[in-house]
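Written out below as structure tokens is the structure these notes cover.
Lettering follows sequence order; numbering is per chain, from 1.
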Number of protein chains: 2
Amino acid sequence: MVTQEQAVIRAVTSIDVARLAGVSQSAVSRAFSPGSSISDQTKQKVLAAAESLGYRPNRIPAIMLSGRSCMVGVVIGGLENPFYATALERLATALRENGLQVLLMHVDDALTLDNALDQLVSYRIDAIVTSLAIGSKTVAQALSRLRIPVVCFNSSLVGPWISTINSDNHGAGFAAAHLIMEKGRVRPVWLAGPERNAASLARGEGFLQGLQQTGASHIELTRLQGDDTYDSGYEAMLSLKRQGIRPDSLFASNDMMACGAMDALREEMDLRCPDDVIMLGYDNIPQAAWRSYDLTSFDQCTGKMVARALELLEKAFQAKDSSHSHTHIIDAKLIERGSTRLPL
Amino acid sequence: MVTQEQAVIRAVTSIDVARLAGVSQSAVSRAFSPGSSISDQTKQKVLAAAESLGYRPNRIPAIMLSGRSCMVGVVIGGLENPFYATALERLATALRENGLQVLLMHVDDALTLDNALDQLVSYRIDAIVTSLAIGSKTVAQALSRLRIPVVCFNSSLVGPWISTINSDNHGAGFAAAHLIMEKGRVRPVWLAGPERNAASLARGEGFLQGLQQTGASHIELTRLQGDDTYDSGYEAMLSLKRQGIRPDSLFASNDMMACGAMDALREEMDLRCPDDVIMLGYDNIPQAAWRSYDLTSFDQCTGKMVARALELLEKAFQAKDSSHSHTHIIDAKLIERGSTRLPL
DNA sequence: TTGTATGCGTTATCAA
DNA sequence: TTGATAACGCATACAA
């Protein structure tokens, strides 16, 4: 039988280390604070004692003293969308590189948001970063009330303390329309995301304006409503089939819906991409590059967006009053793949 | 111009609320602690004062007093794999339902792990949950040293304080072999994940044993090495092609590789699934259900795994000494789809 | 460079 | 039910 070590009653504190090392408690603190004035000899004594006791500095008291937790609340929904998952990965990495921890809050719907925010705030997070695309005034007010910096991605939220970093949704929609017109297509479909999603709205408006600007009068735009899921993209094409509409081009508000739509066109309507229908999506998720889809898509350049978010955070942390609001637009990059490449 | 409110110098504390409400600071604490003895009248006074000042309780001091932060460190890698993304979503939801916060730590490789762990521990997290599949002794020792409960998914880590919850990788591999044999296939391929991935190893062993037990002597097993990515699955099939091998069945250690392999078979080798090659994957990621793949897969039942993890955590929190180690196996559920459905 | 003393914002204990 | 007080573990100002 393995001898079980003594159960830990109390965590090892700096006082324990100080006692063992024969120094004061402040010396221990100094030994673990880079740049503080301490002799090498004392430092080594302390570190040795700490090592032997298994001491690990406790950041909690420092939070009380400094008023800064170095934790950022990340509020996210829809991790089943690979776009959000990879964006979270980038964000988490960037935050950590800047010495910030991620207190993650996954919310299914906006209803639970208030409660979630209260929980986050009780941990004295320094800021909130969120990708929730809910464009409601209630949410904006709830966020503003917290009086901590908030950085939103692809939202239309406005208010004190709230900054926004958006992909150039409108411009990308416009570009999609131009690309479709260039290829001579005349029966385009716009497959929208959730109704209250600000990004989807902007993409749709840009697309419409692009068609109007370029298109002759013979353009027949069909608008369909999805909810950003694969299934909704598939279902949208089925509704086209029922209506007897045969599209020749499609722009979807995100890649998941585009993949669903492409599969439905193949399986249910015997239409091929790009021969019969050219297609564009948004987000450039990994699956867009998979050979079965080979989908042209707009890349949001999450790397840039995340970098910008960190600049905003740093600025907010330095300012006394960071209630000032900013909005930034990041260009989306068109990634052309086979779904818009016409055969010679 | 909008009048800017006064910059917040100091957060509102319970003392501020107490002063405004004309009560003691303990009364404020009690007003926000459900179940404590306080008159309705006092409580209302306090809540009103708190509301008007925008006071929000601060959990940080409570962490110092109780020694429990109610934060769980979640260490994860590979969010670009939809399986991990959706698993994280489930885990985060379950933790929150149990009053636990998620302190997220994304690690790219095991090298940065030590550093990452130190950071987590300095926030006095109550436990660690990780899906890292690195089976190294060094990692296990680093985790054990922390002296806090650790719950691993699909790992082979052992040691004090470490509990493990594994999918029945071996059993599933065995079942995959039986399914392939039943369909009369004789040239199976095993497409492994990263070499040091414990789950992949177990799946491969189970598969091999299944083949040996069932198969006649005419079975020719081909083993290929991947790294759990789509591209590695694609590349693996190209290597088969170069060797002039035409498989009739394939079991991949995860769905991403299976998707890559299926695309390569179609695009590069003119082999169709399931007609020429029947295929099975693992994880049952959403994409496995997409029509282009329609991939038979083993579902890890992450819901059950997460529920089990929370049981372990609760148990650990109640026990004085939770250094005892457990291992749990959760059955994987075979989800049969078109990739193993032979035409009549 | 080192040690002493104070304070951070709560909760728990105790007395009233 | 209420209020005063101690305690949590560390960082910092100050004194030595």
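- Counting only residues at least two apart or on different chains, the salt bridge (charged side-chain N to carboxylate O under 4.0 Å, His left out) pairs with a member in residues 47-61 of chain B are A/Asp118-B/Arg56.
- Nucleotides of DNA chain D that come within less than 4.0 Å of any heavy atom of chain B span, from the 5' end to the 3' end, D/dT1 to D/dG9.
- Listed by chain and number, the residues in a side-chain contact (heavy atoms from CB on, under 4.5 Å) with B/Ser33 are B/Ser29, B/Ser36 (sequence neighbours excluded).
- Taking the side-chain contact (heavy atoms from CB on, under 4.5 Å) definition, one finds that A/Thr86 meets it with B/Glu80, sequence neighbours left out.
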* **Intermediate values then yes/no, side chain to side chain contact (heavy atoms under 4.5 Å, CB included), B/Ile63 and B/Tyr123** => CA-CA 10 Å; B/Ile63 297 175; B/Tyr123 279 87; over 6 Å; no
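- Within residues 56-71 of chain A, the residues approaching DNA chain D are A/Asn58, A/Pro61, A/Leu65, by heavy-atom distance under 4.0 Å.
- Residues satisfying the salt bridge (Lys or Arg N to Asp or Glu O under 4.0 Å) test with B/Arg124, not counting sequence neighbours, are none.
- The phosphate of C/dG9 has neither OP1 nor OP2 within less than 4.0 Å of any side-chain N or O from A/Tyr123.
- The two residues B/Ala50 and B/Val17 make their nearest non-hydrogen contact at N-CG1, 3.8 Å.
- Screening residues 32-80 of chain B for ring pair (Phe, Tyr, Trp, His ring centres under 6.0 Å), with sequence neighbours left out, gives B/Phe32-B/Tyr55.
- Residues satisfying the salt bridge (Lys or Arg N to Asp or Glu O under 4.0 Å) test with A/Arg96, not counting sequence neighbours, are none.
- A/Leu312 has its side chain within reach of A/His328: a pair of non-hydrogen atoms, C-beta onward, lies under 4.5 Å apart.
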* Asked: Does the side chain to side chain contact (heavy atoms under 4.5 Å, CB included) test come out yes or no for B/Ile330 and B/Ser167, once each step is laid out?
  -> CA-CA 5 Å; B/Ile330 308 285; B/Ser167 176; 5.7 Å; no
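- By the salt bridge (Lys or Arg N to Asp or Glu O under 4.0 Å) test, A/Arg90 pairs with no residue at all, sequence neighbours left out.
- For A/Glu311, the salt bridge (Lys or Arg N to Asp or Glu O under 4.0 Å) partners two or more places apart in sequence, or in a different chain, are A/Arg308.
- Comparing the end axes of the helix from C/dT1-D/dA16 to C/dA16-D/dT1, each fitted to five base pairs by superposing C1' atoms of four pairs onto the next four, gives an inter-axis angle of 40° (nearest 10 degrees).
- Listed by residue number, the members of residues 20-49 of chain B with any heavy atom below 4.0 angstrom from DNA chain C are B/Gln25, B/Ser26, B/Ser29.
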